[in-house]
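Here is the structure we will look at.
Because only heavy atoms are used, hydrogens play no part in the values below, and waters and symmetry mates are left out as well, while side chains stay in. First listed ligand is number 1; within each ligand, the first listed atom is number 1. Sequential numbering from 1 along the given sequence is applied to the chain's residues.
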Amino acid sequence: MYRRSVPELFRFCGVRSIVNNAPDIRIYEVGPRDGLQNESKFVPTEIKVELIHKLTSAGIKDVEAASFVSPKWVKQMSDGVDVMKNIKREKGVNYPVLIPNLKGYQIAKQCNIEEVAIFPAGSEGFSQKNLNCSVKEAIKRFKEVADQAIRDGLRVRGYISCVLGCPYDGPVSPKTIANITEEVLDMGCYEVSLGDTIGVGTAGSVRRLMKEVLNVTTPDKIALHFHDTYGQGLSNLVAGLEFGVRTVDSSISGLGGCPYARGATGNLATEDLVYFLYGLGVNTNIDLVKLIEAGRYISNFLAKPTESRVNRALGDRFKNHQDIVKIASCAV
Ligand SMILES: CC(C)(COP(=O)([O-])OP(=O)([O-])OC[C@H]1O[C@@H](n2cnc3c(N)ncnc32)[C@H](O)[C@@H]1OP(=O)([O-])[O-])[C@@H](O)C(=O)NCCC(=O)NCCSC(=O)C[C@@](C)(O)CC(=O)[O-]
């Protein structure tokens with residue numbers, strides 16, 4: 001089993017990044033989709049687009065930009081076509097979109113997409129609430145989407161939600177998640193993002209899950225997607241990184257939640273993640289100051305305090321760019 005302590009892992013990675021300037025950890029930003037989908041007040045398209053621009057200008061290379069789910073289910077995401085048509089696409093940036101079925105895929109295809117994400121659940125209760133069908137039926141539908149996308153030359157990413165617990169069914173067995181991981185990879189997904197949708201996981205349950213999942217695949221095919229509802233996001237992340245995973249999902253300012261997962265709050269905040277990685281000397285190629293500005297932009301628009309501890313600390317006490325740079329350097 002591939003397992004190193006985190007400092008050991010990054011001493012190893014540091015050498016790699018100096019040689020080829022590649023980020024040691026790939027940050028997959030979900031704020032514009034997972035982050036905003038739960039907001040009750042409609043966020044205008046131009047604000048979504050500007051948020052995406054601010055994130056890419058901070059150096060984020062993967063931004064999940066929209067979803068093409070039924071507007072009857074999630075109205076907030078009903079402007080996916082306009083969002084995708086209005087973003088200024090940067091070279092080298094990936095703008096995946098979330099797709100629930102072939103109908104959503106056909107709509108998204110109008111927008112020059114290159115990557116889609118499919119999202120079966122790890123539990124029956126959540127599958128019924130979120131997708132209105134069983135896990136088995138959802139996998140069948142997502143396979144149709146994946147087959148079509150692959151035929152069209154697109155990349156396909158898979159999520160599995162509720163991997164560490166379900167708001168309706170309670171505990172979810174690691175073996176079940178390992179089996180679904182295998183099915184999702186068999187559809188042709190290049191990676192599977194393991195979603196702790198309601199944030200109930202702990203470092204212990206993450207370890208148990210990773211051991212089981214790595215019986216069916218390798219760490220380069222796994223991403224970690226932790227909601228921070230119980231404040232366990234970073235420690236769960238450390239537990240996952242120890243198994244060699246290199247892709248982490250996060251959400252600007254810790255925005256988010258799922259409309260069909262009672263009590264779920266936002267993802268691990270991207271600012272907190274980047275600060276944490278700075279401190280380990282990990283190369284992310286992300287400008288923390290610009291990221292903080294992106295977080296403040298959307299929090300100000302939503303008129304609510306940021307959920308990022310780093311953004312709150314720096315935002316409250318340090319008002320100018322130089323001050324923020326000085327204090328952020330303490331992380332290294
Ligand atoms: C899967 C369905 C569509 C089934 O929903 P359904 O009601 O069973 O579907 P339906 O086929 O009966 O369609 C109902 C209506 O929606 C329309 N419709 C149907 N599909 C589409 C579409 N794609 N785009 C536009 N319209 C669509 C369809 O045409 C019809 O319209 P009508 O004939 O009544 O006028 C629905 O349950 C759905 O959209 N679910 C998605 C819910 C969602 O977005 N949840 C949040 C994302 S998942 C998540 O957050 C977890 C994740 C990924 O982040 C990981 C983690 O955090 O752990």
Legend entry - Arg33 to Tyr159, cation-pi by 6.0 Å centre distance and 45° axis angle: yes
Inset, instruction - Before accepting this row, confirm whether a basic side-chain N of the pair Glu29/Lys61 lies closer than 4.0 Å to the acidic partner's carboxylate O. - result: no
Inset, instruction - Kindly write out the residues that satisfy side chain to side chain contact (heavy atoms under 4.5 Å, CB included) with Cys162, not counting sequence neighbours, or none if the list is empty. - result: Ser123, Phe126, Cys166, Pro167, Thr197
Inset, instruction - Please test Asp82 against Thr45 for side chain to side chain donor-acceptor pair (under 3.5 Å), starting from the C-alpha separation and ending with a verdict. - result: CA-CA 7 Å; Asp82 292 334; Thr45 307; 4.7 Å; no
Inset, instruction - Any chance you could measure Lys88, atom NZ, to Glu50, atom CD, to the nearest 0.5 Å? - result: 8.0 Å
Inset, instruction - Verify the contact flag for atom 36 (C) of ligand 1, where contact means a protein heavy atom under 4.0 Å away. - result: yes
Legend entry - Derivation and outcome, side chain to side chain donor-acceptor pair (under 3.5 Å), residues Ser134 and Ser127: CA-CA 6 Å; Ser134 67; Ser127 191; over 6 Å; no
Inset, instruction - Could you list which atoms of ligand 1 come closer than 4.0 Å to a heavy atom of Leu131? - result: 1 (C), 4 (C), 37 (O)
Inset, instruction - For Asp34, take its heavy atoms, then give the atoms of ligand 1 lying under 4.0 Å from any of them. - result: 50 (O), 54 (O), 57 (O)
Inset, instruction - Check whether any N or O atom of Arg141, backbone or side chain, sits under 3.5 Å from an N or O atom of ligand 1, and answer yes or no. - result: no
Legend entry - Shortest protein heavy-atom distance from atom 5 (O) of ligand 1, along with the residue and atom involved: Trp73 NE1, 3.3 Å
Inset, instruction - Would you mind running through ligand 1 and noting each atom that sits below 4.0 Å from a heavy atom of Gly195? - result: 58 (O)
Inset, instruction - Please answer whether the main-chain N or O of Ile252 pairs with a side-chain N or O of Thr270 as donor and acceptor at a distance below 3.5 Å. - result: yes
Legend entry - Distance-only side-chain donor-acceptor flag, Ser308 / Asp272, under 3.5 Å: yes
Inset, instruction - Can you tell me which residue pairs pass the ring pair (Phe, Tyr, Trp, His ring centres under 6.0 Å) test with a partner in residues 160-208, sequence neighbours excluded? - result: none
Legend entry - Numbered atoms of ligand 1 (with element) below 4.0 Å of Lys72, judged on heavy atoms: 31 (O), 32 (P), 34 (O), 35 (O)
Inset, instruction - Run down the list His225, Gln37, Arg33 and name the one with the heavy atom closest to atom 53 (C) of ligand 1. - result: Arg33
Inset, instruction - From the options Leu164, Ile118, Asn130, select the one whose nearest heavy atom is closest to atom 45 (N) of ligand 1. - result: Asn130
Inset, instruction - Answer yes or no for Lys41 and Phe301: cation-pi contact, defined as NZ/CZ to six-membered ring centre under 6.0 Å and angle to ring axis within 45°. - result: yes
Legend entry - Nearest protein heavy atom under 4.0 Å from atom 48 (S) of ligand 1, yes or no: yes
Legend entry - Atoms of ligand 1, numbered as shown, that sit under 4.0 Å from any heavy atom of Ile107: 24 (N), 25 (C)
Legend entry - atom 51 (C) of ligand 1: the protein heavy-atom neighbour that sits closest, reported with distance to 0.1 Å: Ser161 CB, 4.2 Å
Inset, instruction - For Pro100, counting its heavy atoms only, list the atoms of ligand 1 lying under 4.0 Å from any of them. - result: 1 (C), 23 (N)
Inset, instruction - Looking only at distances, please establish whether an N/O atom of ligand 1 is found under 3.5 Å from an N/O atom of Pro259. - result: no
Inset, instruction - Measure the spacing between CG of Leu241 and CG of Leu234 and express it to the nearest 0.5 Å. - result: 9.5 Å
Inset, instruction - For ligand 1, find out whether one of its N or O atoms is nearer than 3.5 Å to an N or O atom of Asn101. - result: yes
Inset, instruction - Please check atom 32 (P) of ligand 1 for a protein heavy-atom neighbour under 4.0 Å. - result: yes
Legend entry - Proximity to ligand 1 by part of Ile99, non-hydrogen separation under 4.0 Å: neither
Legend entry - Face-on cation placement of Lys129 at Tyr260 ring, 6.0 Å and 45° thresholds: no
Inset, instruction - Measure from atom 9 (O) of ligand 1 to the protein's non-hydrogen atoms and state whether any distance is below 4.0 Å. - result: no
Legend entry - Numbered atoms and elements of ligand 1 in range of Phe119, under 4.0 angstrom, heavy atoms: 48 (S), 53 (C)
Inset, instruction - Can you figure out which of Gly35, Pro71, Ser70 has its heavy atom closest to atom 18 (N) of ligand 1? - result: Ser70
Legend entry - Polar contact flag, side-chain donor to acceptor under 3.5 angstrom, Asp228-Gln232: no
Inset, instruction - Indicate yes or no: does an N/O atom of Tyr260 lie under 3.5 Å from an N/O atom of ligand 1? - result: no
Legend entry - Lys NZ or Arg CZ of Lys75 over Phe42 ring: under 6.0 Å, within 45°: yes
Inset, instruction - Could you say whether the N/O atoms of Phe68 and ligand 1 ever approach to under 3.5 Å? - result: yes
Inset, instruction - Check each atom of ligand 1 against the heavy atoms of Asn132 and keep those under 4.0 Å away; list them by number with element. - result: 6 (P), 7 (O), 8 (O)
Legend entry - atom 23 (N) of ligand 1 touched by protein heavy atom at under 4.0 Å: yes
Legend entry - Check: Lys103 N/O within less than 3.5 Å of ligand 1 N/O: yes
Legend entry - Structural part of Met77 in contact with ligand 1, heavy atom criterion under 4.0 angstrom: neither
Inset, instruction - Treat each ILVMFWY residue as a node, draw an edge where side-chain heavy atoms are under 4.5 Å apart, and state whether Tyr230 and Leu268 are in one component. - result: no
Inset, instruction - Mark whether atom 57 (O) of ligand 1 lies under 4.0 angstrom from at least one protein heavy atom. - result: yes
Inset, instruction - Kindly indicate whether a cation-pi arrangement holds for Arg157 with Tyr28, taking the cut-offs as under 6.0 Å to the six-membered ring centre and within 45° of the axis. - result: yes
